[in-house]
Amino acid sequence: MTLPPILRLVVRNFVSNFDPISVVVRFGQPAVTIVVLGTMFSSIVPASQTGGQSYTSFLVPGMVAFQMVAGGVVSGNLFWLDRRWSMVEQIFSGPFLRSEYLAGLVLTTLLFSLFGVAVMVGVAVPLIGLPAISLLDLATVLATVGLGGIFFAGLLIALGTRLRSANAYFSIQSFLQLFLIFLSTVYYPVGPSTPPALAAVINVNPLTFAAFAIRHAFAGEVGPAVLVNLGILGALAAVSFVAAAWGFRSMNLGPIQ
Amino acid sequence: MADREVVLRTQDLGYAYRPGQYAIRHLSIELGRGEVLGLLGRNGAGKTTTVRLLTTLLPPTEGTAWILGQDLRTGGRGLRSRLGVVLQAESLDFVSVERNLDLYAFMWGVPREVAKSRAEEMLELFELGHVRRRKPWALSGGERRRFQVARELMHDMEILFLDEPTVGLDALARRRILRYLRERARRGLSIVFTTHILHEADMLCDRIAVLHEGSLLATDTPESLKQRFGGAREVRVEFGDALPPAHVQEFVVGLHERGASVLRPEGAVAPGMDASSFEFRSDKAESLLPWITTWSGSRGHVLERLSISEPTLEGAFLGMIGGGEQDGLDEPETEGGTSTGGRPGNPPPPGTSGGLRRDMGVAK
């Protein structure tokens, strides 16, 4: 039995991208962050600063939200390498549609992100116990990470269709990651003492929306505010996906550096 | 060729990078089933653009093309699933050679068992068995090229496009691949093949399309191109004895009068000089042969040897693109004895004289 083209591409993405070291680093780094940063900061950050919970409990949903970035980076980099090594051309000259290739990347992002969520929760359970969440809360978590992953993957893919230099691509990708992570509420909350300019930037960061939604889902508090955040993430994901699709249509397939 | 099944036909196909700037224009070619069509041209002539157009990687900006009964513009996946493409650029996945073959077959939906046996066949055929567990970037340039061709042959196809597939290959590997492609063509695979190595094109292609600056100059069989555009050929005449000075003078003048340019003896024939061998170049070399035979008979000289260089594809190619100036660099290009003019003084290696020179027989 032959799998549908999109699934064949997803399998290919996993096989060609499976490198044990990078997988360990990719999921190990945030896991270690939960353990080390969570433990160390729990003793110095008072619970009053983190909504009445331990710093580890605050950090875990943030690191779960971060998986949207991690999954997006996987697909963005995979696309860039495919372009760099002419696999995009090779695949486009085969029995695949460009939309299928793009969909394959998005599906790869989702699977990587969701696997990352499982790893984060797995690491967190011994530290904070199993969060008592409902199916709706779980769906909210998965939808948030999924939409966020599509957003970030779309952003990087759109970028990758325009840039013709690896240096430029990886520099911008690193900057975007740093920007999204450190100017968000993944590691720390926005409080009254946060400088207003910084707070303004943090409050429009998509990762902040994701962290907000997941924290509420972990607390079993999915309500209209969470749905609004999800809606914004959905809109951003749609915009970035359209940008990536447009980039694909107009992409020059010639050689790049 | 009356019942030849045409699998690819283009009519005035063109691609403009921007309005008025054409990479290729007015391309009208045909490819029959089981036929090998060579695309020849200098760098930037439009060969790769043509391949990219015909494999749907680039949308044509003008003209039409029908491939396997489908319109190139609308054929899409259905069309591409019947094509194979070896791109000029290296394309590879970051897994071992063996895994790459397997993965590529999987992507094309080749059944697992078929893929397994085909991978073994390709590893053997392209001499990649010893590097099967290496990652492609750890291979030599030639191995990477062989790998790329091998990978493409993992799936079934009706037309195979090969954009300079033999770049960086050693002579033996090149021969092996060309022989295999020839065999596949004999079994019905149609092939479009671009190369700079004219000897290869001569060896492999049934027909050749010569591109120059984005335009098609000619399409014909290699033999016809050679005959039509081969240009001047070189003739070597050896007499059994040295001709006396008067006869040398008379022979050379006779050649000059018939439009030949004498290469040896070099320069002006000095009075009092005798010679037993002559070399000259002429556009109508064969028509001079009866005169030489008659002349030598009438002067009582034994014609020891008379040979005429075969027209070469390179000569024809240079003639077509206007690059036929004589620069003394007309040495055989490859192991097969390809020569741009087959200088009489440089006989080809034994067993490789293929079409380089033709001995016209000896009038002893």
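Order of the sequence lines fixes the chain letters, A, B, ..., with proteins taken first and strands second; residue numbering starts at 1 for each chain. Only this structure's heavy atoms are used, side chains among them; waters, hydrogens and symmetry mates stay out.
- Residue contact with chain A, scored on non-hydrogen atoms closer than 4.5 Å, is absent for B:Phe161.
- In terms of heavy-atom pairs under 4.5 angstrom with chain A, the leader among B:Glu152, B:Arg80, B:His155 is B:Arg80.
- The contact between B:Leu103 and chain A is made entirely by side chain atoms (from C-beta outward), counting heavy-atom distances below 4.5 Å.
- Contacts of B:Glu213 classified as side chain to side chain contact (heavy atoms under 4.5 Å, CB included), with partners at least two apart in sequence or in another chain: none.
- Options B:Arg112, B:Arg151, B:Arg82, B:Met157 differ in how many heavy-atom pairs under 4.5 Å they form with chain A, and the most are formed by B:Arg151.
- B:Gln88 does not touch chain A: none of its heavy atoms, backbone or side chain, sits under 4.5 Å away.
- More than 12 heavy atoms of other residues, nucleotides or ligands sit less than 6.0 Å from atom CZ of B:Arg187.
- Between chain A and the residues B:Gly109, B:Ser81, B:Gly78, the largest count of heavy-atom pairs under 4.5 Å involves B:Gly109.
- Judged by the 6.0 Å distance and 45° axis criteria, B:Arg25 is positioned over the aromatic ring of B:Tyr22.
- Of all the listed residues (B:Val85, B:Thr56, B:Leu92, B:Thr55), the one sharing the greatest number of non-hydrogen pairs under 4.5 Å with chain A is B:Leu92.
- Heavy-atom distances place the side chain of B:Arg99, and not its backbone, under 4.5 Å from chain A.
- A side-chain donor-acceptor contact under 3.5 Å links A:Ser250 to the backbone of A:Trp246.
- No donor-acceptor pair under 3.5 Å is formed between the side chain of A:Gln90 and the backbone N or O of B:Glu90.
- In this structure, chain B has heavy atoms under 4.5 Å from both the backbone and the side chain of A:Ser16.
- Remark: B:Arg146 is not positioned above the aromatic ring of B:Phe126, lacking an NZ or CZ atom under 6.0 angstrom from the ring centre and at most 45 degrees off the axis.
- Residues A:Asn77 and A:Tyr169 bring a donor and an acceptor atom of their side chains to less than 3.5 Å of each other.
- For the options A:Leu9, A:Val15, A:Thr2, heavy-atom pairs under 4.5 Å to chain B are most numerous at A:Val15.
- In this structure, chain A has a heavy atom under 4.5 Å from the side chain of B:Val95, while its backbone stays farther away.
- With respect to chain B, the highest number of heavy-atom pairs below 4.5 Å among A:Val11, A:Leu3, A:Val88, A:Asp82 belongs to A:Val11.
- Within a 6.0 Å radius of CZ in B:Arg9, other residues, nucleotides and ligands contribute 12 heavy atoms or fewer.
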